[in-house]
A.B. asks: 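I have a structure here, written as structure tokens, and I will follow up with some questions on it.
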Amino acid sequence: MKIALIGYGKMGHIIEEVALSRGHEIVAVIDKDNQQDFTSDAFKTADVAIEFSAPAAACSNVRKAWEAGVPVVSGTTGWEKELEKLKSELPSNGKGLFWASNYSIGVNLFMKVNRYLAQLMNDYANYDVSMTEVHHIHKLDAPSGTAITLANDLLKAIDRKKEWVLGEAVKADELSIKAVREGEVPGIHTICYDSEVDTITITHSAKNRRGFAVGAVMAAEFLCGKTGFYGMDDLLEHK
Ligand SMILES: NC(=O)c1ccc[n+]([C@@H]2O[C@H](COP(=O)([O-])OP(=O)(O)OC[C@H]3O[C@@H](n4cnc5c(N)ncnc54)[C@H](OP(=O)(O)O)[C@@H]3O)[C@@H](O)[C@H]2O)c1
């Protein structure tokens, strides 16, 4: 498969390594300083683009790739509102987009555990639920896209929580998400149920970024030749 990379930072470099190791070819690399390459012949030959850039750049990157006729796997987080608009355009525009707040297979299994545990805990109002996420100091968005996905799943399942807030909860129906930024931590997400007598916690801790890159390349293999919107549930069902 011919892959174009959009965003050539930490993730872009690991995705390149993983894609080559799976027998794919990198036909174009677009970073902040060579935006003109979206209209290059090389970019247009790509079967799919993998986009890991910055929140302010993601939406326009997807549109530029679509203009060149290239479907996009995006992993950039922190632009979810614009993403909803792009998704709403997909049924009529014949383009392809895959987006996930977290491409790690382990995190997606953890998301399933989170949904299951939340359903159980909905009946036990003596437990308060909260979340903590820890990431490296370079991360631009807070809370993380993964934390938002986990929080939305909690809000769907736990009737006593109505909205998530960044920081301490002030009202009982708020779900607190604490975002900690330290060192080079690839990503830790912990959900904690706390009562007067005990505490139940579930944690996913990424050891490095490779798990995200493998998932993103698998998503590109899945998206190739398809139109419409897809996410990790589609990929995991397909496996
Ligand atoms: N979904 C997931 O599984 C997952 C996993 C890890 C990370 N992420 C997300 O992926 C994104 C990138 O992460 P990263 O760790 O690779 O960050 P990074 O190391 O900062 O790399 C981002 C790269 O994108 C470039 N860039 C900035 N504006 C651009 C534009 N308009 N067009 C093309 N490239 C542009 C940056 O260039 P400059 O350095 O010159 O600005 C940099 O090279 C972040 O949003 C992060 O939260 C998602």
Side-chain angles (χ1 to χ4, degrees), residues 3-19 26 28-40 42-43 46 49-68 70 72-83 97-111 133-150 152 177 179-189 204-220 222-223 229-236:
I3 296 177
L5 298 177
I6 308 173
Y8 199 45
K10 292 181 283 297
M11 284 305 300
H13 280 83
I14 303 173
I15 289 166
E16 178 177 41
E17 248 178 69
V18 170
I26 305 296
V29 177
I30 298 186
D31 212 39
K32 205 175 182 176
D33 52 4
N34 64 327
Q35 296 286 305
Q36 68 280 6
D37 287 358
F38 273 109
T39 54
S40 68
F43 185 80
I50 305 183
E51 198 271 348
F52 279 70
S53 67
C59 188
S60 96
N61 282 341
V62 173
R63 286 194 187 284
K64 286 178 196 164
W66 281 356
E67 274 163 32
V70 180
V72 184
V73 169
S74 172
T76 306
T77 55
W79 63 290
E80 285 78 354
K81 278 193 185 135
E82 291 159 289
L83 174 70
L97 178 63
F98 192 118
W99 184 83
S101 59
N102 196 310
Y103 280 91
S104 144
I105 304 295
V107 160
N108 283 276
L109 295 173
F110 180 69
M111 285 173 176
E133 57 101 334
V134 188
H135 279 90
H136 52 88
I137 53 169
H138 316 287
K139 189 163 178 61
L140 295 178
D141 50 324
S144 69
T146 306
I148 294 173
T149 304
L150 290 163
N152 286 336
I177 307 179
V180 179
R181 297 290 171 262
E182 61 187 31
E184 295 298 331
V185 178
I188 302 172
H189 292 86
H204 178 275
S205 182
K207 292 187 179 175
N208 52 50
R209 292 182 170 85
R210 199 172 172 84
F212 308 126
V214 171
V217 175
M218 286 169 66
F222 173 85
L223 184 65
F229 181 78
Y230 301 93
M232 286 306 275
D233 284 343
D234 302 301
L235 178 65
L236 294 178

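Note that ligands are numbered from 1 as they come in the structure, with each ligand's atoms numbered from 1 the same way. Just the heavy atoms: all of them, side chains too, but no hydrogens, waters or symmetry mates, feed the values below.
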A.B. asks: Any N or O of R209 that comes nearer than 3.5 Å to an N or O of ligand 1?
C.D. replies: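 In this structure, R209 places no N or O atom under 3.5 Å from an N or O of ligand 1.
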
A.B. asks: Give the atoms of ligand 1, by number and element, whose distance to some non-hydrogen atom of A100 is under 4.0 Å.
C.D. replies: 1 (N)

A.B. asks: Give me the residue, atom name and distance of the protein heavy atom closest to atom 28 (N) of ligand 1.
C.D. replies: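 The protein heavy atom lying closest is K32 CG, 3.7 Å.
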
A.B. asks: Which residue owns the protein heavy atom closest to atom 25 (C) of ligand 1, what's the atom, and how far is it?
C.D. replies: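 In this structure, atom 25 (C) of ligand 1 has D31 OD1, 3.3 Å as its nearest protein heavy atom.
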
A.B. asks: Do ligand 1 and T76 have nitrogen or oxygen atoms that lie under 3.5 Å from each other?
C.D. replies: no

A.B. asks: Counting only non-hydrogen atoms of the protein, does one fall under 4.0 Å from atom 39 (O) of ligand 1?
C.D. replies: no

A.B. asks: Need the ligand 1 atom indices (1-based, order shown) with element for anything under 4.0 Å from a heavy-atom of N102.
C.D. replies: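 That gives atoms 1 (N), 2 (C), 3 (O) of ligand 1.
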
A.B. asks: Just verifying a value: how many Å separate E51 CD and T76 OG1, rounded to the nearest 0.5 Å?
C.D. replies: 3.5 Å

A.B. asks: Quick check on contacts: which atoms of ligand 1 are under 4.0 angstrom from a heavy atom of G7?
C.D. replies: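 Once the distances to G7 are compared, the set is 24 (O), 33 (C), 34 (N).
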
A.B. asks: Could you identify the single nearest non-hydrogen protein atom to atom 8 (N) of ligand 1 and state the distance to 0.1 Å?
C.D. replies: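 Protein heavy atom at minimum distance: G75 O, 3.7 Å.
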
A.B. asks: Look up atom NE2 in H13 and atom CZ in R209, then write down how far apart they are to the nearest 0.5 Å.
C.D. replies: 12.5 Å

A.B. asks: Decide whether the shortest distance between a heavy atom of Q35 and an atom of ligand 1 is less than 4.0 Å.
C.D. replies: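 Distance cut 4.0 Å: Q35 passes for ligand 1.
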
A.B. asks: Return the residue, atom name and 0.1 Å-rounded distance of the protein heavy atom closest to atom 10 (O) of ligand 1.
C.D. replies: F52 CD2, 3.4 Å

A.B. asks: For a 4.5 angstrom cut-off between non-hydrogen side-chain atoms, does M111 reach H204?
C.D. replies: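 Result no, sub-4.5 Å side-chain heavy-atom pair not found.
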
A.B. asks: Specify the protein heavy atom at minimum distance from atom 18 (P) of ligand 1: its residue, its atom name, and the distance to 0.1 Å.
C.D. replies: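 So the nearest neighbour among protein heavy atoms is K10 NZ, 3.8 Å.
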
A.B. asks: With heavy atoms of N61 as the reference, note each atom of ligand 1 found under 4.0 Å away.
C.D. replies: 30 (C), 32 (N), 33 (C)

A.B. asks: Check if G78 has a non-hydrogen atom at a distance under 4.0 Å from any atom of ligand 1.
C.D. replies: no

A.B. asks: Specify the protein heavy atom at minimum distance from atom 2 (C) of ligand 1: its residue, its atom name, and the distance to 0.1 Å.
C.D. replies: S101 O, 3.5 Å

A.B. asks: Between H189 and S144, what is the shortest heavy-atom contact and its length?
C.D. replies: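 Shortest heavy-atom separation between H189 and S144 comes out as NE2-OG, 2.8 Å.
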
A.B. asks: Checking a contact table here: which protein heavy atom is nearest atom 31 (N) of ligand 1, and how many Å away?
C.D. replies: A57 CB, 3.1 Å

A.B. asks: How long is the gap from OG1 on T146 to CZ on F212, to the nearest 0.5 Å?
C.D. replies: 7.0 Å

A.B. asks: Looking at CD of E16 and CE of M11, how far apart are the two atoms once the value is rounded to the nearest 0.5 Å?
C.D. replies: 12.5 Å

A.B. asks: Would you check if E184 and H138 make a side-chain contact, meaning some heavy-atom pair closer than 4.5 Å?
C.D. replies: yes

A.B. asks: Atom OG of S53 and atom CG of L140: how far apart are they, to the nearest 0.5 Å?
C.D. replies: 10.0 Å

A.B. asks: Heavy atoms only: which of G12, S53, S74 is nearest to atom 26 (N) of ligand 1?
C.D. replies: S53

A.B. asks: Answer whether the closest heavy-atom distance between the side chains of F38 and N61 falls below 4.5 Å.
C.D. replies: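 Side chain of F38 against side chain of N61, heavy atoms only: contact under 4.5 Å found.
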
A.B. asks: Going by heavy atoms in the side chains, are H136 and R181 under 4.5 Å from each other?
C.D. replies: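 Not touching, per the 4.5 Å side-chain cut-off.
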
A.B. asks: State the CD1-CD1 distance between I15 and I26, to the nearest 0.5 angstrom.
C.D. replies: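 The distance works out to 9.0 Å.
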
A.B. asks: Do any nitrogen or oxygen atoms of F212 come within less than 3.5 Å of a nitrogen or oxygen of ligand 1?
C.D. replies: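 No, F212 has no N/O under 3.5 Å of an N/O on ligand 1.
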
A.B. asks: Are any of the N/O atoms in M11 less than 3.5 Å from those in ligand 1?
C.D. replies: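 Checking ligand 1 against M11, an N or O pair does fall under 3.5 Å apart.
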
A.B. asks: Atom 23 (C) of ligand 1: which protein heavy atom is closest, and how many Å away?
C.D. replies: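 Protein heavy atom with the smallest distance to atom 23 (C) of ligand 1: G9 N, 3.7 Å.
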
A.B. asks: Answer whether the closest heavy-atom distance between the side chains of Y8 and K32 falls below 4.5 Å.
C.D. replies: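 They are not in contact (no side-chain heavy atoms under 4.5 Å apart), so the answer is no.
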
A.B. asks: With heavy atoms of K139 as the reference, note each atom of ligand 1 found under 4.0 Å away.
C.D. replies: 47 (O)

A.B. asks: Please identify which atoms of ligand 1 are closer than 4.0 Å to at least one heavy atom of Y103.
C.D. replies: 1 (N), 2 (C), 3 (O)

A.B. asks: Y103 vs F52 aromatic rings, parallel, tilted or perpendicular, using cut-offs 30° and 60°?
C.D. replies: tilted

